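Nothing here was measured: the structure is a model prediction, and the numbers come from that model. We name chains A, B, ... by the order of the sequence lines, and we start the count at 1 in each one.
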Protein chains: 2
Amino acid sequence: MKKPAQSHDHDHAAEPLADLTSRLRQKSQRVTAPRQAILALLREHRHPMTNKEIHAALAKGDCDLATLYRSMHLLEGMGMVKRFDFGDGAARFELVTGDAHAHHHHLVCTCCADIVEIDDCFAAELEARVAAAHGFKTVTHKLEFFGVCPDCQQAGHSHDKAKRSRRKPCGC
Amino acid sequence: MKKPAQSHDHDHAAEPLADLTSRLRQKSQRVTAPRQAILALLREHRHPMTNKEIHAALAKGDCDLATLYRSMHLLEGMGMVKRFDFGDGAARFELVTGDAHAHHHHLVCTCCADIVEIDDCFAAELEARVAAAHGFKTVTHKLEFFGVCPDCQQAGHSHDKAKRSRRKPCGC
DNA sequence: CCATTGACTGCAAATCGTTTGCATGAAGCA
DNA sequence: TGCTTCATGCAAACGATTTGCAGTCAATGG
Ligand SMILES: [Mn+2]
Ligand SMILES: [Mn+2]
Ligand SMILES: [Zn+2]
Ligand SMILES: [Zn+2]
């Protein structure tokens with residue numbers, strides 16, 4: 001019914017954990033157990049995760065939820081993770097792997113919450129146009145796509161968007 | 001320091017209030033005082049407003065905050081208002097004036113929160129491309145631009161994005 | 001115009017994601 | 001090893017949004 005699930009995608013050349021923690025030291029941030037656990041976990045995932053998901057995925061006692069929130073702020077500020085917003089009220093975070101991956105978008109299934117990574121940003125040109133047209137500087141953009149994935153189309157789901165709770169993907 | 005402010009923009013041919021309420025009746029929704037007050041207010045604004053802003057703008061006692069939230073859900077479901085998300089934790093709503101206005105985007109000043117309406121959606125093509133590439137159906141997108149408006153550039157603000165609170169525009 | 005009735009409202013309490021105060025704990029360094 | 005400072009855990013605080021409930025009122029039919 002679901003696809004092979006949000007596979008952990010171990011099949012990629014991930015930056016060694018040591019390299020990640022060293023980036024903390026370089027900015028004189030302490031390499032603590034919670035931070036290592038978080039980075040180790042994010043390293044295994046290629047899709048944005050909510051703090052709740054991250055917390056649940058970590059071994060019990062690895063990291064307090066409050067510490068997790070604080071850590072994500074830190075990592076975001078250091079540019080090591082990127083924050084995404086799918087409009088369901090919970091922030092999602094993804095490890096930044098290489099400059100190219102820093103800015104990108106997603107295609108989210110409103111039915112099963114499956115996420116497709118959209119690595120190319122074709123909005124860069126639009127951004128420049130919009131900025132110039134109104135005299136704005138340092139313009140950025142947030143862009144996410146939502147739709148029904150092939151699997152959920154089959155299942156014959158209708159999913160009246162207006163009726164679903166405003167928060168959280170339906171999960172069918 | 002600020003521009004003429006979020007002017008009420010009375011200078012547009014707005015749909016008569018009666019036409020709006022009649023749309024409620026057509027779908028057998030009751031025309032109540034709170035709903036009329038909300039519609040009358042939204043009719044005066046062309047930019048997305050948070051429920052807090054709407055509630056503050058209404059005469060005291062016109063509409064309870066809980067009723068306001070419920071009303072926005074109703075109106076959104078009826079397609080009379082559109083919900084926008086600027087990533088500051090509070091939903092914003094705008095009256096839908098004509099089909100053409102239903103889907104559009106914004107350019108938001110991260111400094112003074114000034115909003116520029118971007119009526120053209122140049123992302124429609126991208127959307128189709130993304131949908132086709134991954135077999136998704138009924139694909140939609142959310143897109144907002146953020147930057148520093150001309151006024152705030154002058155003021156010599158730096159605004160280290162990483163340091164600002166995650167929520168709410170700084171307001172300088 | 002009045003009675004009827006279910007939809008709608010105000011108020012308060014509950015949720016949810018996120019933030020913060022505070023005392024304790026432990027990285028990094030001499 | 002001891003010190004200083006930053007980080008953590010826990011619990012309470014927060015802001016946005018939702019919900020339960022009892023009273024109210026818009027719409028309808030007589
Ligand atoms: Mn991604
Ligand atoms: Mn708008
Ligand atoms: Zn982009
Ligand atoms: Zn668009």
State which of [options] makes the closest approach to the side chain of [X].
{"X": "A/Asp64", "options": "C/dG17, C/dT9, D/dG9", "result": "D/dG9"}
{"X": "A/His73", "options": "D/dA16, C/dG10, C/dT19", "result": "C/dT19"}
{"X": "A/Ala90", "options": "D/dT8, C/dG17, C/dG6", "result": "C/dG17"}
{"X": "B/Arg30", "options": "C/dT18, D/dA27, C/dG10", "result": "D/dA27"}
{"X": "A/Ser71", "options": "D/dT8, D/dT17, C/dC11", "result": "D/dT8"}
{"X": "A/Arg35", "options": "C/dA27, C/dT9, D/dT8", "result": "D/dT8"}
{"X": "B/Ala66", "options": "C/dA12, D/dA26, D/dA16", "result": "C/dA12"}

List for me each residue that meets ring pair (Phe, Tyr, Trp, His ring centres under 6.0 Å) alongside A/His103, sequence neighbours excluded, and say none if there are none.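 Checked A/His103 against ring pair (Phe, Tyr, Trp, His ring centres under 6.0 Å); matches are A/His105, A/His141.
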Send over the distance from [X] [atom1] to [N] [atom2], rounded to a whole Å.
{"X": "A/Arg92", "N": "C/dG17", "atom1": "CZ", "atom2": "C1'", "result": "12 Å"}
{"X": "B/Leu24", "N": "C/dT9", "atom1": "CG", "atom2": "C1'", "result": "15 Å"}
{"X": "B/Asn51", "N": "D/dT17", "atom1": "CG", "atom2": "P", "result": "6 Å"}
{"X": "B/Asp85", "N": "C/dG17", "atom1": "CG", "atom2": "C1'", "result": "14 Å"}
{"X": "A/Arg25", "N": "C/dA26", "atom1": "CZ", "atom2": "C1'", "result": "14 Å"}
{"X": "A/Lys60", "N": "D/dG9", "atom1": "NZ", "atom2": "P", "result": "12 Å"}
{"X": "B/Met72", "N": "C/dT9", "atom1": "CE", "atom2": "P", "result": "13 Å"}
{"X": "B/His55", "N": "D/dA16", "atom1": "NE2", "atom2": "P", "result": "13 Å"}

OP1, OP2 of [N] versus side-chain N and O of [X]: anything below 4.0 Å?
{"X": "B/Tyr69", "N": "D/dT17", "result": "yes"}
{"X": "A/Thr67", "N": "D/dG9", "result": "yes"}
{"X": "A/Gln29", "N": "D/dA7", "result": "yes"}
{"X": "B/Thr32", "N": "C/dA7", "result": "no"}
{"X": "B/Lys52", "N": "D/dA16", "result": "yes"}

How about B/Glu117 and B/His47: does a side-chain donor come under 3.5 Å of a side-chain acceptor?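 The answer is yes; a qualifying pair exists.
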Could you check whether A/His45 and A/Glu53, counting side-chain N and O atoms only, form a donor-acceptor pair closer than 3.5 Å?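 No, no side-chain donor-acceptor contact under 3.5 Å.
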B/Thr67 side chain to B/Cys63 backbone, donor-acceptor under 3.5 Å: no
Which residue lies toward the 5' end of DNA chain D, B/Arg70 or A/Gly61, if each is placed at its nearest nucleotide? A/Gly61
So which one's nearest nucleotide on DNA chain D is more toward 5', A/Ser28 or B/Leu65? A/Ser28
Between A/Arg83 and A/Glu76, is there a side-chain N and carboxylate O pair less than 4.0 Å apart?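 Here A/Arg83 pairs with A/Glu76 in a salt bridge, since their nearest N and O are under 4.0 Å apart.
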For B/Asp119, does the CG atom sit with more than 12 other heavy atoms under 6.0 Å from it, leaving out its own atoms? yes
